[in-house]
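Data first, discussion second: the structure below is written as structure tokens.
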Amino acid sequence: MVHPAPHDPVSDRWNGVDAYLTEMLVAEDDALAASVSSLAEEGMPEIEVAPLAGKLLHLLARLAGARRVLEIGTLGAYSTIWLARALPEDGRLVTIEAEPRNAAVARRNLERAGVADRVEVREGRAADVLPSLSGSEPFDLVFIDADKESNPVYLEWAARLGHPGTVVVVDNVVRSGHVVETDAGPQVDGVRAGLEMLRDDPRFEATALQTLDRKGWDGIAVALLV
Ligand code: DHB
Ligand code: MG
């Protein structure tokens, strides 16, 4: 995350553009807004995806015709609501959250958004929960947004639990530019190892985009299971 000095002219401009594009293209209802404000109210980290990114996830799910979505890292369910609203009537979303308090807040937010019937919040470390999803119907879209150290593990599970044509999105692959550093700590190491896997593992075809929005300077990787 970038924490620019107040009134830095460049960040003022990108935040202005973020506000402009969000106002132009993203209609957030009360339930989405409440899921954002719940983070501060509950003392949770305010690291939900930006509204434009939430809508991108929603559109990717619709473009993929997704009926089954897997999310790794629920937080307050802001991105979960965007994804769940892309599902058809009989669609299902499984979202995994390690913090029981976050999971409780997420469940309330999903209820308020009217999508709780389509969403299963699984509490636990994703590395422990993911094996239990083997043998269920494969997922059409996987969104990875949890502890960055484990990105390669999560990509492995995305490949196993998906099918050719599954869309895989990884959040936070730029981290204020630190992704280019080889000594930036375990989170960046995890991001880099994930990107190497997207390059080297023949099950993936991937790209990545830098993003500059209200969450600062970061990026997403988007991959297709081939
Ligand atoms: C962090 C995690 C995220 O998923 C995010 O979108 C931004 C920041 C973090 O752990 O700092
Ligand atoms: Mg994130």
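Order of listing sets the numbers, starting from 1, for every ligand and every atom in it.
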Part of Ile47 within contact of ligand 1 (heavy atoms, under 4.0 Å): both

Asp29: partners by salt bridge (Lys or Arg N to Asp or Glu O under 4.0 Å), with sequence neighbours left out: Arg85

Audit row: Leu32, Val36, side-chain contact (heavy atoms from CB on, under 4.5 Å) steps and yes/no: CA-CA 7 Å; Leu32 280 166; Val36 172; 6.0 Å; no

Glu46, portion touching ligand 1 at heavy-atom distance under 4.0 Å: neither

Rounded distance (nearest 0.5 Å) linking atom CD of Glu120 with atom OG1 of Thr95: 10.0 Å

Value rounded to 0.5 Å, distance of CG in Asn102 from CG in Leu39: 8.5 Å

Proximity of Lys148 to ligand 1 by residue part, where a heavy atom lies under 4.0 Å: side chain

Interatomic spacing from CG in Leu75 to CD in Glu42 - rounded to 0.5 Å: 11.5 Å

Asp171, portion touching ligand 1 at heavy-atom distance under 4.0 Å: side chain

Interatomic spacing from OH in Tyr154 to CD1 in Ile72 - rounded to 0.5 Å: 6.5 Å

Interatomic spacing from CG in Leu70 to CG in Asp140 - rounded to 0.5 Å: 11.0 Å

Number of protein N/O/S atoms that sit closer than 2.8 Å to the Mg ion (ligand 2): 3

Heteroatom distance test (Asp218, ligand 1): nitrogen or oxygen, under 3.5 angstrom: no

Close approach of Glu48 to ligand 1, heavy atoms, under 4.0 angstrom: no

Arg107 with Glu123: basic N within carboxylate O range, under 4.0 Å: yes

Pairwise distance CD1(Ile96) to CG(Asp128) - rounded to 0.5 angstrom: 10.0 Å

